[in-house]
Amino acid sequence: MYAQMVQSTGKGVKTRAEMTEEEARFQDRIDAGEKIEPRDWMPEGYRKTLIRQIGQHAHSEIVGQLPEGNWITRAPTLERKAILLAKVQDEAGHGLYLYCAAETLGVSRDELTQDLLSGRMKYSSIFNYPTLTWADMGAVGWLVDGAAIMNQVPLQRTSYGPYSRAMIRICKEESFHQRQGYDIMMKMAKGTPEQKRMAQDALNRFWYPSLMMFGPSDADSVHSAQSMAWKIKINTNDELRQKFVDQTVPQAELLGLTIPDPELKWNEARGHHDFSQPDWSEFFAVIQGDGPCNSERMEARRKAWDDGAWVREGLMAHAAKKAARKVAAE
Ligand code: BYC
């Protein structure tokens, strides 16, 4: 049954006339800005969409530890190592809050993990790109966490209570992550010519993959219309991408680095920057499993699951023993 639930919900949004009475009452609650809580009635599509989005988000936090974990043993100073360790640990915590939020919708963490491992569920495209130099730790913090914050700040107002509350806590920690990334970029960009070259190279490689984090263009987004009607999503993918570009351009200027887009320029009439779209064929290839690091990332997750089997078995045996003792005592 759960396998069916993971399938995408379509683009069509029901009109009032097409809604059942229950659905219309639910939509009224959403429109009035009420939070939906786990025991409340909700349309099956709302539940499915939340499980898909929260589950993918949780997987992203966990898989997101891998490219940064890659640099913990090679951080240039003790201080940088301690900061990076703390950040990577935070990501584990974010994954846990999000798995817990998804569990309130009636799906277990084990089921979500199985769906990730079988390829039925996704994680963010960004983590399928390699982190080749220390400057990449700066670019990831600055751009990847920057994009994550841009997406997640509005999600603090998402309509599902447990998700909204998880996002509030996560956003506080993400701000520190973005600052530490920008601080690394600042050091590198103002350092030796070789360090500046590394910082520019990291920006060159992470710019377009960061723009892809917001999802396909609004015209190609399958879920946005319904998710926005249910206030699961607050903004469209293109709106957030534009905000991210507008916010990041002056930050790059301050670093003295060049965003790798010859078309990038301020458009006075629009009050926004014009910019080139990422290569969307690359994005779709990456989310279908064909990115530079997809197989490496999935292999790491599979290994972690297999290596953890003895812990799960031990916990189950302990729980069974406890239950048997309780029955015997009654
Ligand atoms: N990567 O209809 P659309 C982080 C999929 S990391 C992979 O627009 P939706 C962090 C999408 O799932 C950031 N897949 O979808 C951690 C759908 O496929 P399915 C994690 C993507 O859901 C550690 C299809 O494309 N943040 O925080 O309305 C260190 C069509 O897309 C991506 C979140 O997950 C992608 N980039 O909008 C540092 C935030 N984009 O499911 C940082 C919560 C789209 O039908 N999620 N797809 O098979 C969201 O806000 C939304 O899910 C998205 C996509 C904006 C990502």
Side-chain angles (χ1 to χ4, degrees), residues 5-11 48-69 84 87-95 97-98 101-102 115-116 119-129 131 137 139-156 158 160 163-164 166-167 170-171 173-178 180-181 206 208-230 232-241 244 278 280 282-289 291 294 297:
M5 285 180 35
V6 181
Q7 283 171 10
S8 304
T9 43
K11 217 171 183 174
K48 279 187 205 172
T49 304
L50 278 170
I51 291 177
R52 182 184 59 78
Q53 180 166 323
I54 301 173
Q56 288 186 3
H57 194 164
H59 296 324
S60 304
E61 299 283 355
I62 301 299
V63 177
Q65 293 180 287
L66 297 168
E68 292 185 290
L84 187 60
K87 178 185 191 294
V88 172
Q89 283 176 353
D90 283 351
E91 310 299 1
H94 298 174
Y97 310 152
L98 289 163
D115 284 334
L116 171 73
R120 279 199 297 271
M121 275 186 103
K122 297 184 167 73
Y123 57 90
S124 182
S125 49
I126 190 72
F127 302 119
N128 293 307
Y129 292 86
T131 45
M137 293 302 94
V140 167
W142 172 37
L143 300 174
V144 175
D145 288 271
I149 295 172
M150 192 56 81
N151 169 282
Q152 290 169 8
V153 164
L155 287 178
Q156 294 177 108
T158 192
Y160 188 56
Y163 191 24
S164 154
M167 290 319 309
I170 290 174
C171 280
E173 293 171 354
E174 291 291 6
S175 312
F176 146 70
H177 295 173
Q178 204 259 358
Q180 68 86 39
F206 275 93
Y208 286 106
S210 300
L211 297 188
M212 293 175 191
M213 286 177 69
F214 297 96
S217 72
D218 292 351
D220 288 325
S221 171
V222 189
H223 304 292
S224 284
Q226 181 62 79
S227 289
M228 288 179 73
W230 279 330
I232 290 175
K233 273 169 88 163
I234 309 295
N235 303 91
T236 72
N237 300 351
D238 285 335
E239 278 169 8
L240 291 174
R241 194 169 7 255
F244 174 73
W280 289 116
E282 177 182 318
F283 168 78
F284 286 112
V286 169
I287 67 171
Q288 272 148 32
N294 291 63
R297 302 295 183 236

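One-based numbering, in listed order, for ligands and for the atoms of each. Bear in mind that the values here come from a model prediction, so they are computed numbers and not experimental data.
Residue Asn237 touches ligand 1 through its side chain alone, judged by heavy-atom distances below 4.0 Å. Contact annotation: for Phe214 versus ligand 1, heavy atoms closer than 4.0 Å belong to the backbone alone. Under 4.0 angstrom from ligand 1, there are no non-hydrogen atoms of Leu240. Contact annotation for Tyr123 and ligand 1: only backbone heavy atoms (N, CA, C, O) come within less than 4.0 Å of the ligand. In Lys233, the part holding a heavy atom less than 4.0 Å from any atom of ligand 1 is the side chain. The backbone and the side chain of Val222 each have at least one atom closer than 4.0 Å to an atom of ligand 1 (non-hydrogen atoms only). Contacts with ligand 1 closer than 4.0 Å are made by heavy atoms of both the backbone and the side chain of His57. Within the 4.0 Å heavy-atom criterion, both parts of His223, backbone and side chain, lie near ligand 1. Of the heavy atoms in Ala148, only side-chain atoms (C-beta onward) come closer than 4.0 Å to ligand 1. Residue contacts with ligand 1 for Gln65 are absent, since no atom lies close enough (heavy atoms, distance under 4.0 Å).
The distance from ligand 1 to the heavy atoms of Ser60 drops below 4.0 Å at these ligand atoms: 6 (S), 16 (C), 20 (C). In summary, the atoms of ligand 1 found under 4.0 Å from a heavy atom of Met212, numbered by their order in the structure, are 36 (N). Counting the atoms of ligand 1 from 1 in the order shown, those under 4.0 Å from a heavy atom of Ile287 are 1 (N), 7 (C), 14 (N), 25 (O). For ligand 1, the atoms closer than 4.0 angstrom to any heavy atom of Asn151 are 39 (C), 43 (C), 49 (C), 50 (O), 55 (C). For ligand 1, the atoms sitting less than 4.0 Å from at least one non-hydrogen atom of Gln56 are 12 (O), 41 (O), numbered in the order shown with element in parentheses. Taking a cut-off of under 4.0 Å to the non-hydrogen atoms of Gly215, the atoms of ligand 1 that pass are 40 (N), 44 (C). Near Asp145, with a cut-off below 4.0 Å to any heavy atom, the atoms of ligand 1 are 38 (C), 42 (C).
With respect to Asp238 and Arg241, a salt bridge is recorded, a charged nitrogen being found less than 4.0 Å from a carboxylate O.
Checked by atom type and distance alone, the side chain of Asp145 never pairs as donor or acceptor with a backbone atom of Ser175 at under 3.5 Å. With Asn237 contributing its side chain and Pro216 its backbone, the two residues share a donor-acceptor pair below 3.5 Å.
Using cut-offs of 30° and 60° on the angle between ring planes, the pair Phe214 and Phe244 is tilted. Relative orientation of the Phe283 and Trp280 rings is perpendicular, given thresholds of 30° and 60° on the angle between their planes.
Remark: among candidates Pro209, Ser125, Ser224, the nearest residue to atom 35 (C) of ligand 1 is Ser125, based on non-hydrogen atoms. Counting heavy atoms only, Pro216 comes closest to atom 31 (O) of ligand 1 of the residues Gly181, Gly55, Pro216. Of the candidates His177, Met167, Lys122, Glu61, it is Lys122 that places a heavy atom closest to atom 48 (O) of ligand 1.
Rounding to the nearest 0.5 Å gives a distance of 7.0 Å between CG of Leu98 and CD1 of Ile54. Leu143 CG to Phe206 CZ: the interatomic distance, rounded to the nearest 0.5 Å, is 8.5 Å. The NE2 atom of His223 lies 10.5 Å from the CD1 atom of Ile232; values are rounded to the nearest 0.5 Å. Going from atom CD1 of Ile287 over to atom NZ of Lys122 covers 5.0 Å, rounded to the nearest 0.5 Å. Summarising the geometry, atom OH belonging to Tyr160 is positioned 15.0 Å from atom CE belonging to Met167; distances are rounded to the nearest 0.5 Å. Residue Met121 holds its CE atom at 8.5 Å from CZ of Arg52, rounded to the nearest 0.5 Å.
Inter-residue side-chain proximity for Trp142 and Gln178 is flagged as met; some heavy-atom pair is nearer than 4.5 Å. Proximity of Phe127 to Leu66: side-chain heavy atoms (C-beta onward) are nowhere separated by under 4.5 Å.
When the options Ser210, Ser60, Pro67 are evaluated for a side-chain contact (heavy atoms from CB on, under 4.5 Å) with Ile126, the one that passes is Ser210.
Taking a 4.0 Å cut-off on heavy atoms, Gln152 registers as neighbouring ligand 1. Ligand 1 is approached by Tyr163 to a heavy-atom distance shorter than 4.0 Å. Ligand 1 is approached by Ser124 to a heavy-atom distance shorter than 4.0 Å.
Remark: ligand 1 and Ser221 share an N or O pair separated by less than 3.5 Å (distance only, no angle test). Remark: ligand 1 and Arg52 share an N or O pair separated by less than 3.5 Å (distance only, no angle test).
A side-chain donor from one of Glu174 and His177 sits under 3.5 Å from a side-chain acceptor of the other.
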